[in-house]
Amino acid sequence: MVTELFAPAVATAAIGAMVAFAAAPTPASGLLWAAVAVLFGAAIPLGFLLLGQRRGWWTDHHVPDPAHRRWPIAVAVASVLTGAAVGAVFRGPVELLVLALVMCATLAVVWAVTDRGGWKVSVHALTVVTGATLAALLYGPWAGVPAALAALAAGWSRVHLRAHTPAQVVVGGLLGATAAILFTALT
């Protein structure tokens with residue numbers, strides 16, 4: 001249950017909404033841009049994962065076999081870049097564009113590690129730690145406390161289920177913290 005509650009699509013949706021509401025000039029525009037961020041950052045990639053599971057391309061939506069992670073990562077990058085293009089065309093918050101570019105760069109690192117060594121960086125840890133770090137950086141340290149607890153729970157869950165080693169969770173978390181720090185440095 002913890003793995004599903006803090007799944008990458010859930011964490012990515014929360015990150016997109018958090019950045020959209022922090023950057024948008026009005027609550028209404030924040031809601032609009034949050035919807036765009038959730039659609040392209042989380043819903044479309046999750047839809048592809050579920051389609052792949054249904055068609056038997058991988059055993060479940062967490063894509064446990066590193067050899068099968070190439071296409072989900074590529075679809076996620078393409079979807080995020082499409083969302084960034086929508087934001088650019090319709091003059092969305094520049095912070096969402098920066099977030100999209102940081103997300104794509106981070107996914108490129110995950111792809112390289114997975115493709116070269118067959119090692120599974122924990123995307124659960126990556127996304128939840130990104131969210132926790134961004135919450136603390138955007139809204140203050142107290143906002144990061146519940147998110148940090150969520151990150152610990154997500155990491156524990158992935159190791160407990162034997163989906164990742166502790167090292168894979170730590171590397172995912174380090175990539176997530178780096179992505180959040182890079183985002184704030186660029187905005």
Side-chain angles (χ1 to χ4, degrees), residues 2-49 73 75-110 121-155 157 169-187:
V2 171
T3 284
E4 296 306 328
L5 183 62
F6 301 118
V10 175
T12 301
I15 291 164
M18 185 173 23
V19 170
F21 280 109
T26 66
S29 66
L31 185 60
L32 171 70
W33 290 110
V36 170
V38 169
L39 175 65
F40 290 102
I44 291 172
L46 177 60
F48 181 74
L49 289 172
I73 292 171
V75 167
V77 167
S79 183
V80 167
L81 289 175
T82 302
V86 168
V89 168
F90 292 101
R91 297 188 179 156
V94 70
E95 291 86 348
L96 285 175
L97 177 60
V98 172
L99 178 64
L101 296 176
V102 169
M103 286 172 68
C104 289
T106 304
L107 285 170
V109 171
V110 171
V121 172
S122 173
V123 180
H124 278 77
L126 187 157
T127 54
V128 177
V129 170
T130 300
T133 307
L134 278 176
L137 292 171
L138 292 174
Y139 299 105
W142 288 109
V145 171
L149 294 173
L152 289 172
S157 173
V169 169
V170 168
V171 168
L174 290 172
L175 277 172
T178 302
I181 293 166
L182 180 60
F183 168 79
T184 56
L186 294 173
T187 55

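Worth saying up front: this structure is predicted, and the values here are computed from it rather than measured.
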Holding to side chain to side chain contact (heavy atoms under 4.5 Å, CB included), I want the full list of residues that pass it with Val121, two or more places apart in sequence or in another chain. Val110, Val113, Trp119, Val171, Leu175

Can a donor-acceptor pair be found, under 3.5 Å and without considering hydrogens, that links the side chain of His124 to the backbone of Thr3? yes

Which donor-acceptor pairs under 3.5 Å do side chains of residues 80-95 form with protein atoms, sequence neighbours excluded?
from	atom 1	to	atom 2	distance (Å)
Thr82	OG1	Ala78	O	2.8

Report the distance from atom CD1 of Ile73 to atom SG of Cys104, rounding to the nearest 0.5 Å. 11.5 Å

Taking distance alone, no hydrogens or angles, what donor-acceptor pairs closer than 3.5 Å link side-chain atoms of residues 176-185 to residues at least two apart or in another chain?
from	atom 1	to	atom 2	distance (Å)
Thr178	OG1	Leu174	O	2.8
Thr184	OG1	Ala180	O	3.3
Thr184	OG1	Ile181	O	2.9

Enumerate, atom names and distances included, each donor-acceptor pair closer than 3.5 Å involving a side-chain atom of residues 4-16, sequence neighbours excluded.
from	atom 1	to	atom 2	distance (Å)
Glu4	OE1	His61	NE2	2.9
Glu4	OE2	His61	NE2	3.3
Glu4	OE2	His62	NE2	2.7
Thr12	OG1	Pro8	O	2.7

Distance-only donor-acceptor hits, side chain of residues 28-48, under 3.5 Å, sequence neighbours excluded:
from	atom 1	to	atom 2	distance (Å)
Ser29	OG	Thr26	N	3.3
Ser29	OG	Thr26	O	3.0
Ser29	OG	Thr26	OG1	3.0

Side chain to side chain contact (heavy atoms under 4.5 Å, CB included) partners for Ala132, two or more places apart: Ala147

Please check this pair: side chain of Tyr139 against backbone of Met18, looking for a donor-acceptor N/O pair closer than 3.5 Å. yes

Check: Val123 main-chain N/O paired with Thr127 side-chain donor or acceptor under 3.5 Å: yes

